[in-house]
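Structure first, then comments.
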Amino acid sequence: MPLSWNDIREGARKFSQEYKNVTRENAETQSFYNDFFSIFGIKRNRVASFEASVKMLGSQRGRMDLFWKGTLLVEHKSSGKDLDAAYTQTLGYFDHLKEEDLPHYILVSDFQRFKLYDLETNPVTEYEFPLSELHQHVELFGFIAGYQKRVFQDQAPVDIQASEQMGKLHDMLKDSGYTGHDLEQYLVRLLFCLFADDTTIFVKDSLRFYIDENTRADGSDLGSRLFDLFQTLNTPYEKRYKTLDESLAQFPYINGSLFEERLPSPAFNRKMRDILLRACAFNWGQISPAIFGSLFQSVMDLERRRGIGAHYTTEKNILKILKPLFLDGLYEEFETVRHEPRKLQNFHKKLQTLTFLDPACGCGNFLILTYRELRLLEIEVLKALHPTGQLAHDVSELSRINVDAFYGIELEEFPARIAEVALWLMEHQMNLRLSETFGLYYARIPLQASANIHHANALQLDWETVVPKERLSYILGNPPFVGKTYQSDEQKKDMGLVFGNLKSAGLLDYVSAWYLKAAQYLQSTRIVCAFVSTNSISQGEQVSILWQELFTRYHVKIHFAHRTFSWNSEARGKAAVHCVIIGFAAFDTAKKLLYDYDSSKSEAHETQVRNINPYLIEAEDFVIPKRNKAICEVQEMGYGSKPADGGFLILTDTEKTLLLSVEPQAEKWIRKYIGSDELIHNYYRWCLWLHNVKPEEFKAMPSVMERISKVKQMRLNSTDANTRRWANFPTIFQANRQPTSDYLAIPETSSENRAYIPIGFLNKEIIVSNSIYTVPNATVYHFGLLTSAMHMAWMRTVCGRLKSDFRYSVGLVYNNFPWPQNPTPQQVQAIETKAQAVLEARAQFPNSTLAQLYDPLTMPPVLSKAHQALDKAVDAAYRKQPFETERSRVEFLFGLYQQLTAPLITAMTKTSRKRKIN
């Protein structure tokens, strides 16, 4: 067990007194450093070697006075010698050491002076002090005892490098035939031991020393040696053999069932042993807790990651949930009571009562960081309760927060076990932090309490069997992101189980099932829940399906939300998705917070708002349904024509040329044919438009007749009953919606990277497919409104998505769009003039496609400026005050929408207002 800082400081004082008059001429260097290591309760011979030899250039050999692989190099000189020269001498050894053996610190000394160089900082940090002041600087040597000064940051390169090494070891063990549960459990144990080796659970570097000194270089006995180690870690001190080798006896009893199961020993080889030793060389005491999730993902292939929906996350992103969910509120409360001891003690007791559930916990990242943040707050509370740092009782009695207040549900066994171990390790990190704060060593070893991680399907499990809701405080996490297209049969079965007969539930993302399960659990409680989700849950038709149910049946209120931002993974491959965070409960609150982003990768801006609706804007609680008729008096938007022909009525350029070479009379029945892709990229296909063709004309075109025959056969073979009925009309499209006038064409899908959907006017002779929407008889005014920033903002908020692309919709977007009410003739004229200027700017680039013109990197300045002028003209038709942000546009449009449709949404609004404010 490491010594407390108080004991270490006292040892440093005694050491300084003992050696205050010593020079190299009257004392042994080895005795000096043996005693120096004893200050920290460490036996020098277990971790470091004297007179370590290193091969230099040619036949030369260097000799380091003391060398601790991967940690410390010492150069000792006679009294009065140049210590700077000694430091330079040590740097000469570096080119001849293995990378994993390079030290993190260099110490040079002449008995009476110390110079310590921290090589992990940039630039290198230098500390110099006399022997008499050693006790004042002894914290600098905390690394000898295994104490770590952890700086919590987003992610450090060493974390990823360490996980990559363990990923390689995993792959090699798997390739050797060591697989399944045994491999996963074995890897978890190794991770625990690597961490323990750098954080005072083990004497620092004793694992590395044990492997390096007690196993063969070819790795042939490594499996059996690790088996002995695991058995020792699972054996209480009083039950160990008295004859147990000292190399094993030094390891502590761990308990906690981690080493309880007897696993078969894998067969290691030289390369596997080298990889494990390289992993030992990393400073695992400085790892991010998310490394366990990172490691898990690093050994999963892409299809498996998509199938499970795992997206491991950075600490920074996880804090976006924790802070508004509970952490900010707790710190505010702490500040109000920190100077009142009785209230502060009650606040400390309150922290002890908090419990948390992550119903899709994966490797436990959310629970780990929640535990860490609570412990850090508790340390601040304890410092306020004990401002002098003097304790009336043992430090072990101070902390009241334990890992058994944390609950998780995880479908896969391996991450569930990782979560348990990671929480233990975070607990130990926080115990060390508490030790550093009060100068007294504290560790909960052997392990006592453990987190409650359940290996189960959260959608098939009653969450109250995990933790009764009257005991729970918060629910949090990032459930799997799996769109309807990618859901497995098992996942679709889960969706059916959760949503039952809810209409159109099959269109929902898999994550939505956690929202409904949580809403059911929240009833009659003060529990607040927050989930990370793909932004599809607050866009398009999913909103009306899911949130209508959550509002009307479960009386859910949104307490805070992060609008769309980029959610990055901490693992290899860095899966990045566009996400939202939604915090909600079955009760209302007066303080609602909305976090907005200038772009998906920028920092958030916090705003307190009166209400947050499911589109994550400040507006009343209502959903926008699909409509068959527009809410404003405007031209009807229609769908393009649907061929349902198996491709036999559609022609490429080559097919058209070949057909006309044998049947030139078919030319008058061939029309230009375009869909979304053709419109955006400026090319055509062709179609047989066989309306009003006489029978004798068909008979004169056998190649056309062959195509018609294939259309008939394709429709007869269709599984769709309506398509089979249209087999009786094989000469024409199944759905003919071609406008009889010139029309405005809007592509169904468009890239999310474009500021404006590329739309344009087309001649009535050009046939459009069902991937195009049409507005017959549209004017330049209609074009101007539909290509404006106002309409684009509305579209981005309420449209659906195809992957990440915008998916325009007549029923959701166009028919619900609030057009300017009663614009003046001057406003209409201004819009028409500016819209015409956009068309003229496009015409300056006749060889450019709409895709090129609207690419944010290649959009011509003249076109960009024309759009900006049009946007101002459209904005002025809505109100005099300019719109500063897209959110302000959307909030204005939602208010206008509410006015236009007030009788239709009154019932939902009344339901929302009945709920009490917290």
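For the single chain, residues carry numbers from 1 onward in sequence order.
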Take R189 and V421 through the side-chain contact (heavy atoms from CB on, under 4.5 Å) test and state the conclusion after the steps. CA-CA 9 Å; R189 290 181 179 181; V421 173; over 6 Å; no

Please test Y210 against D245 for side-chain contact (heavy atoms from CB on, under 4.5 Å), starting from the C-alpha separation and ending with a verdict. CA-CA 11 Å; Y210 174 76; D245 188 90; over 6 Å; no

Walk me through whether I254 and I201 qualify under side-chain contact (heavy atoms from CB on, under 4.5 Å). CA-CA 9 Å; I254 297 301; I201 296 177; 3.9 Å; yes

Could you walk me through whether Y87 and K115 pass the side-chain contact (heavy atoms from CB on, under 4.5 Å) test, one step at a time? CA-CA 9 Å; Y87 172 64; K115 268 195 173 184; over 6 Å; no

Output, in order, the C-alpha distance, side-chain angles, deciding distance and verdict of ring pair (Phe, Tyr, Trp, His ring centres under 6.0 Å) for Y186 and F230. CA-CA 10 Å; Y186 202 86; F230 295 161; 5.4 Å; yes

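Each of F143, W68, Y127, Y117 was checked for a ring pair (Phe, Tyr, Trp, His ring centres under 6.0 Å) with Y105, and the lone residue meeting it is F143.
When all heavy atoms of L173 and P266 are compared, the closest pair comes out as CD2-CB, 3.7 Å. For H135 against R9, the heavy-atom pair with the smallest separation is CB-O, 3.7 Å. Across all non-hydrogen atoms, the minimal contact from V108 to L83 is CG2-O, 3.8 Å. Between P264 and Y178, the shortest heavy-atom distance links the atoms O-OH, 2.6 Å. Nearest heavy-atom pair across A279 and W284 is O-NE1, 2.5 Å. Nearest heavy-atom pair, L248 versus T232, reported as atom, atom and distance to 0.1 Å: O-CG2, 3.4 Å.
Residues satisfying the ring-ring contact (aromatic ring centres under 6.0 Å, His included) criterion with F32, sequence neighbours excluded, are F15, Y19, H76, F111. With sequence neighbours excluded, the residues satisfying side-chain contact (heavy atoms from CB on, under 4.5 Å) with Q89 are E75, K77, Y93.
For the atom pair CD1 (I106) and CG (L73), the distance works out to 6.0 Å, reported to the nearest 0.5 Å. The distance from the CD1 atom of I211 to the CG atom of L226 is 5.5 Å, given to the nearest 0.5 Å. Here the straight-line distance linking atom OH of Y371 with atom CE of M426 works out to 9.0 Å at 0.5 Å rounding. Annotation: the span from L140 atom CG to T125 atom OG1 amounts to 10.0 Å, rounded to 0.5 Å. Taken from OG1 in T121 to CG in L119, the straight-line distance is 7.5 Å, to the nearest 0.5 Å. Atoms CD and SG, on E412 and C361 in that order, are 11.5 Å from each other to the nearest 0.5 Å.
D198 and R208 are not joined by a salt bridge, as no carboxylate oxygen comes within less than 4.0 angstrom of a charged side-chain nitrogen. Look at K69 and D205 and you find no salt bridge, because none of the NZ, NE, NH1 or NH2 atoms lies under 4.0 Å from a carboxylate O.
Contact of the F227 side chain with the R262 side chain is registered, since non-hydrogen atoms from C-beta on lie closer than 4.5 Å. Considering only heavy atoms from C-beta on, L398 comes within 4.5 Å of H386 through its side chain. With contacts defined as side-chain heavy-atom distances shorter than 4.5 Å, the pair C193/L233 qualifies. Residues E100 and L277 have side chains not in contact (no heavy-atom distance under 4.5 Å, counting atoms from C-beta outward). Under the 4.5 Å side-chain criterion, counting only non-hydrogen atoms from C-beta, L229 is in contact with L207. Two residues are said to be in side-chain contact when any heavy atoms from C-beta on lie closer than 4.5 Å; E18 and K14 fail this criterion. A 4.5 Å side-chain heavy-atom check between L377 and I401 finds every atom pair outside the cut-off. Residues I144 and I39 have side chains not in contact (no heavy-atom distance under 4.5 Å, counting atoms from C-beta outward).
Under a 3.5 Å cut-off, the side chain of Q250 and the backbone N or O of S247 do form a donor-acceptor pair. Looking only at distances, a side-chain donor or acceptor of R240 sits under 3.5 Å from a matching main-chain atom of T235. Judged by distance alone, with hydrogens and angles left aside, the side-chain atoms of S79 form no donor-acceptor pair with the main-chain N or O of D110 at under 3.5 Å. Within the 3.5 Å criterion, the main-chain N or O of L222 finds no donor-acceptor partner in the side chain of R273. Formation of a donor-acceptor pair under 3.5 Å by the N269 side chain with backbone atoms of G219 is not found in this model.
The number of heavy-atom neighbours closer than 6.0 Å to CD of E213, taken from other residues, nucleotides and ligands shown, is above 12.
Side-chain atoms of S399 and E378 include a donor-acceptor pair closer than 3.5 Å.
Aromatic ring orientation, F36 versus F114: parallel (interplanar angle below 30°, classes split at 30° and 60°).
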